[in-house]
Amino acid sequence: MSSARVLVAAPSALLVLALAGCSPLWSCTDTTAKRGEAGVEVRIEDAAGQRLGATAEVLDWRLEPHPQVPAEGDRVHFRYRFTGTDETSGPAVEACAVDEERVVLGCRTVYSSQAFGPDGPLTGDDWLAVEQPERVAGVLLIPNDQSYHGRSCAQDVKDGGGPHPPAPAEVGERL
């Protein structure tokens, strides 16, 4: 192939790749939201830090054996409620058992769409297994919405990127 044909073909090939979304010049940026202040009652925020108009609240908690595995000893049984959202596609937040210094002992994500208990719509209960249940001083909620985790740039350079919720809290972290 002559060099003149290569010079003509190269820009055409780049144009085809760019139009197909495969451009080597494609820009993709991931951002991770800053973790919001944990509390017993929180105003839920999206990955951009904007409040959603919904709240989540820990109603109460206690240590007791889980009825399906009582031999495993005490677990943290807690009740929670969402407000300002619907019952089918609402937000999710992390619930964490903490000690007196707000050090995380265990967490799990609770979803408003799964909150349907005897206390009414958007109210539910769940369990946290922790290594040392006697250290539990409370259950706190982290206000960042965990209901949607979009693809990262590493997973999909063309359609990925954008804001993402913070990573889940880990045992030993202070909230």
Side-chain angles (χ1 to χ4, degrees), residues 28-69 74-130 133 135-156 158-175:
C28 186
T29 304
D30 285 312
T31 58
T32 302
K34 180 181 174 190
R35 182 177 291 149
E37 181 70 26
V40 173
E41 183 175 7
V42 295
R43 292 181 180 173
I44 303 168
E45 21 183 274
D46 65 15
Q50 301 297 311
R51 290 190 174 153
L52 299 178
T55 63
E57 175 184 10
V58 175
L59 300 173
D60 61 28
W61 67 274
R62 61 191 167 280
L63 293 176
E64 62 185 358
H66 191 289
Q68 294 176 336
V69 284
D74 282 345
R75 293 191 179 183
V76 182
H77 185 200
F78 66 100
R79 291 184 325 116
Y80 60 92
R81 175 178 44 227
F82 286 89
T83 59
T85 185
D86 63 55
E87 297 175 31
T88 57
S89 62
V93 296
E94 271 191 283
C96 298
V98 296
D99 69 9
E100 289 182 7
E101 297 177 6
R102 296 173 62 107
V103 173
V104 173
L105 303 172
C107 295
R108 74 176 306 120
T109 303
V110 292
Y111 295 82
S112 63
S113 61
Q114 295 175 348
F116 47 89
D119 298 324
L122 300 174
T123 302
D125 72 313
D126 215 328
W127 298 80
L128 289 164
V130 298
R135 287 184 51 203
V136 176
V139 176
L140 300 178
L141 302 173
I142 299 173
N144 305 88
D145 183 12
Q146 297 287 331
S147 64
Y148 175 76
H149 292 270
R151 297 176 62 79
S152 69
C153 292
Q155 294 168 320
D156 186 347
K158 180 180 161 224
D159 297 321
H164 302 282
E170 295 182 9
V171 171
E173 277 187 68
R174 187 180 306 250
L175 297 181

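Numbering starts at 1 and runs along the sequence shown. Model, not experiment: these values are computed from the prediction.
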> Looking at V136, is its backbone amide N or carbonyl O close enough to the side chain of D99 to form a donor-acceptor pair, meaning the two atoms are under 3.5 Å apart?
no

> Checking the side chain of N144 only, and the main-chain atoms of K34 only, is there a donor and an acceptor separated by less than 3.5 Å?
yes

> Nearest heavy-atom pair of L141 and E57: which atoms, and what distance?
CD1-N, 3.5 Å

> Show the nearest heavy-atom pair for residues A92 and Y111, with the distance to one decimal.
CB-CD2, 3.3 Å

> Which atom pair, heavy atoms only, marks the closest approach of V130 to A97?
CG1-CB, 4.0 Å

> For the residue pair S147 and G90, what are the closest heavy atoms and their distance?
CB-O, 3.9 Å

> Sorted by first residue and then second, give each ring-ring contact (aromatic ring centres under 6.0 Å, His included) pair with at least one member in residues 34-69; sequence neighbours left out.
H66-W127

> Can you tell me how far apart CG (L52) and CZ (R43) are? Round to the nearest 0.5 Å.
12.5 Å

> side-chain contact (heavy atoms from CB on, under 4.5 Å) between V104 and E170: does it pass, once the steps are laid out?
CA-CA 7 Å; V104 173; E170 295 182 9; over 6 Å; no

> Less than 4.5 Å apart, side chain to side chain, heavy atoms only: is that true for P166 and Q146?
yes

> Rounded to the nearest 0.5 Å, how far apart are CG of L140 and CD of E37?
9.0 Å

> Tell me if the CZ atom of R35 is crowded by more than 12 foreign heavy atoms within 6.0 Å.
yes

> Say you draw a straight line from CZ of R102 to CZ of R174; how long is it, rounded to the nearest 0.5 Å?
9.5 Å

> Passes side-chain contact (heavy atoms from CB on, under 4.5 Å), D126 versus Q114? Steps please.
CA-CA 10 Å; D126 215 328; Q114 295 175 348; over 6 Å; no

> Any heavy-atom pair between the side chains of L63 and V76 that's under 4.5 Å?
yes

> Can you confirm whether P168 sits close enough to T109 that some side-chain heavy atom of one is under 4.5 Å from a side-chain heavy atom of the other?
no

> Output the distance between atom CD (E94) and atom CZ (R108), rounded to the nearest 0.5 Å.
11.0 Å

> What closest approach, in Å, do A169 and C107 show between heavy atoms, and which atom pair accounts for it?
CB-SG, 4.0 Å

> State, to 0.1 Å, how close D125 and H77 come at their nearest heavy-atom pair, and which atoms those are.
OD2-NE2, 2.6 Å

> Between Y80 and V139, is there a side-chain heavy-atom distance shorter than 4.5 Å?
no

> With a 4.5 Å cut-off on side-chain heavy atoms, are L122 and T83 touching?
no

> Any side-chain heavy atom of I142 within less than 4.5 Å of one from V42?
no

